[in-house]
Amino acid sequence: MAAKPLRVGVVGTGFGRYHMEGFSQVPGVEILAICDLNKAEAQQFASQYGAKYVFTSAKRMFAMDELDAVSIAVPNALHAPMTLDALNQGKHVLIEKPMTITPADAQKMADAAKKAGKLLMVEQALRFRPEAQLVKAYADRGEFGDMYYARSTWYRRKGWPHLHMPPDGTLGRGVWFLQKRLAGFGALGDIGVHLLDLAWYLMGTPKPVSVSGQLFRQVAVPELKAKGLPAEVEEMAAGLIKFQGGKAIMVEVSWDTYTQPAMECFLMGNRGGASVFPARVFRGSDIDETVDIETHYNGLPIETAFSHFIDCIRDRRKKCIAPADQNVTLIRMLDALARSAKSGKEVRL
Ligand SMILES: NC(=O)c1ccc[n+]([C@@H]2O[C@H](COP(=O)([O-])OP(=O)(O)OC[C@H]3O[C@@H](n4cnc5c(N)ncnc54)[C@H](O)[C@@H]3O)[C@@H](O)[C@H]2O)c1
């Protein structure tokens, strides 16, 4: 007998449209409902993905008995209240990054998931990149030895959300990205959250002990002002996070810099190391190899965040790749980096 379909509702039709596309590719999943304040857009995606219901109120959608799980892609400040509401209504939740904008809310969300006995997973998209999973497999087999340092970087040119992105919702559309109250962070919470998390995950999530950071807003402010847009958040963040056992990660991200655009994650261990984009492993004193993704996966299906979320709901013993508990620590590190920039001092965790 075929398993009962798992019924999912998606909130947000900006990046949320990629959630719909992702779920539409997972066998046994029905996209039952779509919610957005923009009803016309919600309706448009509902017809594209065959969703029966359209909502403009997430609260009302979460109250539907037929829904098993929801995924949420709305402005960052709404992540905590919506997640808590959905968990209270007995739904499994996939929440976009950053999980939320304060460590206290992150803890509340993780606690609420435990209390409800539901899965809360964070859409840390880079953890699911095939290159990342490949490097993780080498790291987990101990091929790099003790991993002591990583440098993780994302430099963009003209890459502010809203200001430089298309207005159609395919990428970083909302003006809320520029508003501290709604976004919480600037580039740190938007792309720093990915790059720090990737290095930290691949190093085995060591325990942070201190953070020293700096935030910058040097390039695009005149352009924002000329367009009458808010200039409330940082466009660049740099930080050094130190971990137990003398390990460290250097993270640097910027939405706009006068330099070579780059997305890189370099990892160093005492017996080997890796770079992630593209996946390359280094072992021994003079050997390095570029690992071919196709050969590595050898025709096996590559998990996406969406297939993994569904698998983890179906099998609650399955180890979640991006669990809420770990993300609480990630949000604490981001918050500490911002506090360090403000105070000019190292922040102990
Ligand atoms: N994982 C990734 O790589 C990735 C990429 C892009 C965005 N994101 C995240 O996704 C989230 C959304 O970003 P986006 O780019 O889609 O922004 P967006 O501005 O394009 O879309 C947000 C959508 O939320 C809707 N919305 C706002 N308030 C709502 C409410 N109360 N109820 C229902 N709908 C509401 C808006 O109408 C809009 O359609 C953010 O947290 C962002 O960080 C993640």
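All ligand and atom numbering here is 1-based and tracks the order in the structure. Keep in mind that the numbers below use all heavy atoms, side chains included, and drop hydrogens, waters and symmetry copies.
Here's the thing with M82: none of its N/O atoms is less than 3.5 angstrom from an N/O atom of ligand 1. Here's the thing with G12: none of its N/O atoms is less than 3.5 angstrom from an N/O atom of ligand 1. The shortest N/O to N/O separation between D190 and ligand 1 does not fall below 3.5 Å. The distance criterion of under 3.5 Å between nitrogen or oxygen atoms is met by G174 with respect to ligand 1. Of the polar atoms of E41, none of the N or O atoms is found under 3.5 Å from an N or O of ligand 1, judged by distance alone. Of the polar atoms of N38, none of the N or O atoms is found under 3.5 Å from an N or O of ligand 1, judged by distance alone.
Ligand 1 lies less than 4.0 angstrom from a heavy atom belonging to A73. Using a 4.0 Å heavy-atom cutoff, F177 is listed among the residues neighbouring ligand 1.
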Solution key, residues 237-249 side-chain donor-acceptor pairs under 3.5 Å, sequence neighbours excluded:
residue : atom : partner : partner atom : Å
K247    : NZ   : D146    : OD1          : 2.7
K247    : NZ   : M147    : O            : 3.1

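Each of the atoms 41 (O) of ligand 1 lies under 4.0 Å from some heavy atom of H79. The contact set between ligand 1 and G14, taken as ligand atoms under 4.0 Å from a residue heavy atom, comprises 16 (O), 20 (O), 21 (O).
Applying the ring-ring contact (aromatic ring centres under 6.0 Å, His included) definition to pairs two or more places apart or across chains, none involves residues 171-193.
Among all non-hydrogen protein atoms, the one lying nearest atom 17 (O) of ligand 1 is W176 NE1, 3.5 Å. For atom 33 (C) of ligand 1, the closest non-hydrogen atom of the protein is L37 N, 3.7 Å. Shortest contact from atom 14 (P) of ligand 1 to any protein heavy atom: F15 N, 3.8 Å. Here the protein heavy atom with the shortest distance to atom 20 (O) of ligand 1 is R173 NE, 3.2 Å. Looking at atom 38 (C) of ligand 1, its nearest protein heavy atom turns out to be D36 OD2, 3.5 Å.
If you look at K97 next to ligand 1, the close heavy atoms, those under 4.0 Å, come from the backbone and the side chain alike. For E96, every heavy-atom contact with ligand 1 shorter than 4.0 Å involves the side chain, none the backbone. At a 4.0 Å heavy-atom cut-off, ligand 1 touches L78 through the side chain alone.
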Query raised in the report: Which is it for L349 and V209 under the side chain to side chain contact (heavy atoms under 4.5 Å, CB included) test, yes or no, and what are the steps along the way?
Result: CA-CA 5 Å; L349 284 173; V209 292; 6.0 Å; no
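Salt-bridge annotation for D85 and K59: present, with a side-chain N of the basic residue lying under 4.0 Å from a carboxylate O of the acidic one. Taking 4.0 Å as the cut-off between side-chain N and carboxylate O, E346 and R348 count as a salt-bridged pair. Under a 4.0 Å N-O distance rule, the pair D197/R127 qualifies as a salt bridge. Look at E303 and K318 and you find a salt bridge, because one of the NZ, NE, NH1 or NH2 atoms lies within 4.0 Å of a carboxylate O, short of that distance. Salt bridge R181/E232: absent, no basic N to carboxylate O contact under 4.0 Å. Salt bridge status for K108 with D105: present, with a side-chain N to carboxylate O gap under 4.0 Å. R217 has no carboxylate O lying under 4.0 Å from a charged side-chain N of E234, or vice versa, which leaves the two without a salt bridge.
Aromatic pair Y18/F15: ring centres closer than 6.0 Å.
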